[in-house]
Amino acid sequence: NAGVMQNPRHLVRRRGQEARLRCSPMKGHSHVYWYRQLPEEGLKFMVYLQKENIIDESGMPKERFSAEFPKEGPSILRIQQVVRGDSAAYFCASSQGSQETQYFGPGTRLLVL
Amino acid sequence: QKEVEQDPGPLSVPEGAIVSLNCTYSNSAFQYFMWYRQYSRKGPELLMYTYSSGNKEDGRFTAQVDKSSKYISLFIRDSQPSDSATYLCAMTGIYNQGGKLIFGQGTELSVKP
């Protein structure tokens, strides 16, 4: 039973480029969460999605960041016009329901040059 | 003031020692409390999960929650070098309102053979 899958594991972008991070939840899970981990900091909630719906985006920066979880395919976290401050590890978690345990993926480490 | 405070360490102990990890929080609405373990360059994995106040034991691990003091602890008995990791406390309020987890900064633990 595969766990939460994230790709790419490492992503290097130059300032101004776009970054696309993908997350495939565990089989049977329809709830996806994205968190960001900056150096020397804990994980910070960004967004919570169910299939085709954004439930809570209170942790998302107002500009340049967007997320989706289409009916088919992985969840995508998209960062437009990246800046150096976007360099971080981005983790995706999934759960079977909103009251269920969240299982984390291995993360995508984004480096902005 | 951060919602969840956790001493970042690092904490270094000899093999076999009892380890005590702690978090304090300010939001009295938190009801669900978790401890995650994160190895270097990996995603967090759930160790312990407790609801409201009380103790929970699982093998060498014991989680305690004191809601009156807004204080949670994780104890590791007979610590092993394989326990060397960063330990993150996490908590959330009413689960069915979104499952958004609030994390502490994480405590880096090193168990020396």
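In what follows, every chain begins at residue 1, and chains take the letters A, B, ... in the order their sequences are listed.
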Q: Consider only side-chain heavy atoms of I, L, V, M, F, W and Y, link residues closer than 4.5 Å, and tell whether A:Phe69 and A:Ile54 are in one cluster.
A: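 Per the 4.5 Å side-chain linkage, A:Phe69 and A:Ile54 are co-clustered.
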Q: Please answer: with hydrophobic residues joined when any side-chain heavy atoms are less than 4.5 Å apart, are A:Met60 and A:Ile79 in the same cluster?
A: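 Yes.
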Q: Looking at every non-hydrogen atom in both residues, tell me the closest pair between B:Pro44 and A:Phe104 and how far apart they are.
A: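 Looking at all heavy atoms of both residues, the shortest contact is O-CB, 3.3 Å.
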Q: Look at the side-chain heavy atoms of Ile, Leu, Val, Met, Phe, Trp and Tyr, link any pair under 4.5 Å apart, and say whether B:Leu88 and B:Tyr49 land in one connected group.
A: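 Per the 4.5 Å side-chain linkage, B:Leu88 and B:Tyr49 are co-clustered.
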Q: Looking at A:Arg15, I'd like to know if its CZ atom is crowded, meaning that more than 12 non-hydrogen atoms belonging to other residues, nucleotides or ligands lie closer than 6.0 Å.
A: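 Atom CZ in A:Arg15 is not crowded, with 12 or fewer foreign heavy atoms closer than 6.0 Å.
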Q: At a heavy-atom separation under 4.5 Å, does A:Ser58 approach chain B through its side chain, its backbone, both, or neither?
A: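 Contact with chain B is through the side chain of A:Ser58 alone.
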Q: For B:Arg41 versus A:Arg9, what's the shortest heavy-atom pair and its separation?
A: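 Result for this residue pair: O-NH2, 3.8 Å.
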Q: What do you reckon, is NZ of B:Lys42 surrounded by more than 12 foreign heavy atoms closer than 6.0 Å?
A: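 Result for NZ/B:Lys42: open.
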Q: Can you find a heavy atom in the side chain of A:Gln102 that is under 4.5 Å from one in the side chain of B:Tyr36?
A: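 Touching, per the 4.5 Å side-chain cut-off.
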Q: Is B:Gln38 in contact with chain A via its backbone, its side chain, both, or neither, using a 4.5 Å heavy-atom distance?
A: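 Contact with chain A is through the side chain of B:Gln38 alone.
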Q: Could you tell me the separation between the CD atom of A:Gln37 and the OG1 atom of B:Thr86, rounded to the nearest 0.5 Å?
A: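 Going from CD on A:Gln37 over to OG1 on B:Thr86, the span is 8.0 Å.
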Q: Out of curiosity, B:Lys100 NZ to A:Lys44 NZ, how far, rounded to the nearest 0.5 Å?
A: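 Separation between the atoms: 11.0 Å.
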Q: Taking a hydrophobic cluster as the set of Ile, Leu, Val, Met, Phe, Trp and Tyr residues connected by side-chain heavy atoms closer than 4.5 Å, whether directly or through intermediates, do A:Val82 and A:Phe65 fall within one such cluster?
A: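 Yes, A:Val82 and A:Phe65 fall within the same hydrophobic cluster.
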Q: For the rings on A:Phe45 and B:Phe103, is their centre-to-centre separation under 6.0 Å?
A: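 Here the rings of B:Phe103 and A:Phe45 have centres that are no less than 6.0 Å from each other.
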Q: With distance as the sole test, does A:Tyr103 use its side chain to make a donor-acceptor pair with the main-chain N or O of B:Leu46 at under 3.5 Å?
A: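 No, the answer is negative, given that no donor and acceptor are paired below the 3.5 Å cut-off.
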Q: In Å, rounded to the nearest 0.5 Å, how long is the span from CD1 of B:Ile102 to CG of A:Leu43?
A: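 The distance works out to 11.0 Å.
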Q: Is it true that A:Phe91 and A:Val112 fall in one hydrophobic cluster, defined by side-chain heavy atoms closer than 4.5 Å?
A: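 No: no chain of side-chain contacts under 4.5 Å links A:Phe91 to A:Val112.
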